[in-house]
Protein chains: 2
Amino acid sequence: MSDHASCLVAKLSNFAELTEDDQRLLARLEEDTRSYPANHTVFRGGEGVDNLYVVKRGWLFSSSALEDGRRQVMMIHNPGDIIGLPHLPFRRSLHDLSTSTPVELCPFPKDSLDTILSRSPRLTALLFAFSMVEQAVLFDRLQAIGRMRARERVCHLLLSLRSRLRLTNDVEKGFSMPLNQTVIGDALGLTNVSVSRVMTGLEQEGVLTRGSSWLWIHSPEELSQHVEFEERYAHLDTSWFPSETSAST
Amino acid sequence: MSDHASCLVAKLSNFAELTEDDQRLLARLEEDTRSYPANHTVFRGGEGVDNLYVVKRGWLFSSSALEDGRRQVMMIHNPGDIIGLPHLPFRRSLHDLSTSTPVELCPFPKDSLDTILSRSPRLTALLFAFSMVEQAVLFDRLQAIGRMRARERVCHLLLSLRSRLRLTNDVEKGFSMPLNQTVIGDALGLTNVSVSRVMTGLEQEGVLTRGSSWLWIHSPEELSQHVEFEERYAHLDTSWFPSETSAST
DNA sequence: CGAGGTGTTGAGTCATTTCAAGTAGAGTGG
DNA sequence: CCACTCTACTTGAAATGACTCAACACCTCG
């Protein structure tokens, strides 16, 4: 929505004002950039991973497969996301990280966080808060998978993706959605076949239009009639954040 | 496993050494104590909640219900847990909080965190890390619900509960498990009926013994043969934590 | 033009749910 | 101490939503 050079700064600025110093701290995370092709595995679960990543461009997802191949997609990552916070307390990565499109990632070492932790309690609070927002989205998906029918699950995910993208993109006239139906199914505890049936149905009913890697939700309000959905990216309560004052250098 | 007065300190001490100052900061969170009876709703989703809670005694769970009553249990809370971090960035609570047993909670205001954020980057990192561990447990349950059969889901949850309890209790010869089958089902995306069938089967096969509100898993290794389960509470990688040095008062 | 990835559609199968009835145990009050 | 009540759990039979299997259509890319 804004003209920040960094998607991360753009995303976070939706929720709290960032000081110059905070922006500098964040900029350090994006000093290095690496490119990966589509359908590429960046790392696998169980590997030692010392880096976190800021997503600069492209779509990725984290997933984990059981021995017999059954796969669960855990998170879907968009530009501005920080990938890897959940792996932080572990020696080995929890999940596979795979690209859906060509991608640019900015890797930075775990240690880089300690500067933020030590120098900017306020930025720490913001990162923590956003991490909790993502957890809230996860809770919502848990409920979708655990307690909703196939059609509801799909509607829920589409609304969720749209609401996340709205932080950095215009989605009113459609948006890029480069996830195939197998990935969508694996995110929702469904098969690609069920996803296909639902999406075909939704398109025939006229609630959405699909292109390849592209989706237009005509009216989110109408789609919301098919499922209980809660917006999580609206406002943050920042009242508990520490004040700006802190150690500096 | 240790003789700390506070379950919270006991739990966190499993993962990192706490300085005197850190322990004092944590003690402040437990100054106030309130009691609630079993099967009581502490707060409901959508209410404004300005407090977080440290669990001192008893079992609780967070859940969320759809309009038609379908309910998803999101988290199960034990002594030593901090309840409410996921609600932090929101004005209104995300979930209902209900007790399964008589409970003692220590409420503390959101604002209390800013002292920790400002004064102890290291403790902040620890709390953040533990929050990510809980998120990892959540990911595991997401996979269980999304991609496992009823029997696997139940085995997974039982192993998960046991491994959590091991942080503060002896579980070798059984442990208290005051969750009825409806709650277990709601945590796993199953009905109470399915849970009953699975548990009855497991008991008949001799892998576990049940009492009312009590469970003995004879051999976790044997139970693990029925499901892929990963221990998440083992060690934390604390290498990225900021050093002790920080502002003080 | 062939290959591979992706999506669609139909028919049959199956795990879990739903519905329903019944048992067991804990707590209460007469 | 015995009904009485309530909640939790069990068990069977029938219903069902999603899965599996399989064939086919479409598109992109080399």
**Message:** Quick check: on DNA chain C, is the nucleotide nearest A:Met199 upstream (toward 5') of the one nearest A:Arg147, or the reverse? Name the residue that is more 5'.
**Reply:** A:Met199

**Request:** Would you indicate, yes or no, if C:dG25 has its OP1 or OP2 atom less than 4.0 angstrom from a side-chain nitrogen or oxygen of B:Arg210?
**Result:** no

**Fill in**
Heavy-atom closest pair (A:Glu230 atom, A:Asp140 atom, distance to 0.1 Å) is O-OD2, 4.2 Å

Between the protein and nucleotides 4-8 of chain D, are there any N/O to N/O pairs under 3.5 Å, and if so, what are the atom names and distances?
from  : atom 1 : to       : atom 2 : distance (Å)
D:dA8 : OP1    : B:Asn180 : ND2    : 3.1

**Message:** So, using ring pair (Phe, Tyr, Trp, His ring centres under 6.0 Å) as the criterion, who are the partners of A:Tyr53 when residues are at least two apart?
**Reply:** none

**Item:** Length of the line joining A:Asp186:CG and D:dA18:C1', which is rounded to integer Å
**Value:** 15 Å

**Message:** Between P on C:dA15 and CZ on B:Arg151, what's the gap in Å once rounded to a whole number?
**Reply:** 13 Å

**Complete:** side-chain hydrogen bond (donor to acceptor under 3.5 Å, both in side chains) pairs touching residues 174-183 of chain A, sequence neighbours excluded, are none

**Item:** Atom-to-atom span, CD1 of A:Ile145 to C1' of D:dA18 - whole angstrom
**Value:** 14 Å

**Request:** Using atom CD of A:Glu203 as one end and atom C1' of C:dT8 as the other, report the distance to the nearest whole Å.
**Result:** 12 Å

**Check ion pair B:Arg71-B:Asp186 (N to O, under 4.0 angstrom)** = yes

**Asked** Which heavy-atom pair separates A:Lys56 from A:Thr33 by the least distance, and what is that distance?
**Response** NZ-OG1, 3.1 Å

**Request:** Mind checking ring pair (Phe, Tyr, Trp, His ring centres under 6.0 Å) for A:Trp216 and listing every partner two or more places apart, or none if nothing turns up?
**Result:** A:His218

**Prompt:** Quick one: do B:Glu205 and B:Arg151 make a salt bridge, cutoff under 4.0 Å?
**Reply:** yes

**Message:** Output the rounded distance in Å from CE (B:Met148) to P (C:dT16).
**Reply:** 13 Å

**Request:** Classify the nucleic acid contact of A:Gly211 as base, sugar-phosphate or nothing, counting any heavy atom under 4.0 Å across all strands shown.
**Result:** nothing

**Fill in**
Looking only at D:dT10, D:dA18, C:dT9, the nucleotide nearest the A:Ser196 side chain is C:dT9

**Message:** Between P on C:dT6 and CG on A:Leu215, what's the gap in Å once rounded to a whole number?
**Reply:** 17 Å

Enumerate the protein-to-nucleotides 20-30 of chain D contacts in which both atoms are nitrogen or oxygen and the separation is below 3.5 Å.
from   : atom 1 : to       : atom 2 : distance (Å)
D:dT20 : O4     : A:Arg197 : NH2    : 3.1

**Asked** Is it true that A:Lys11 and A:Asp81 make a salt bridge, defined as a side-chain N closer than 4.0 Å to a carboxylate O?
**Response** yes

**Request:** Using a heavy-atom cut-off of under 4.0 Å over every strand shown, decide if A:Gly189 touches base, sugar-phosphate, or nothing.
**Result:** sugar-phosphate

**Message:** Please list all pairs meeting side-chain hydrogen bond (donor to acceptor under 3.5 Å, both in side chains) that have one or both residues in residues 84-105 of chain A, counting only residues at least two apart or in different chains.
**Reply:** A:Arg57-A:Glu104

**Request:** Round to the nearest Å and state the distance from A:Glu152 atom CD to D:dA18 atom C1'.
**Result:** 14 Å

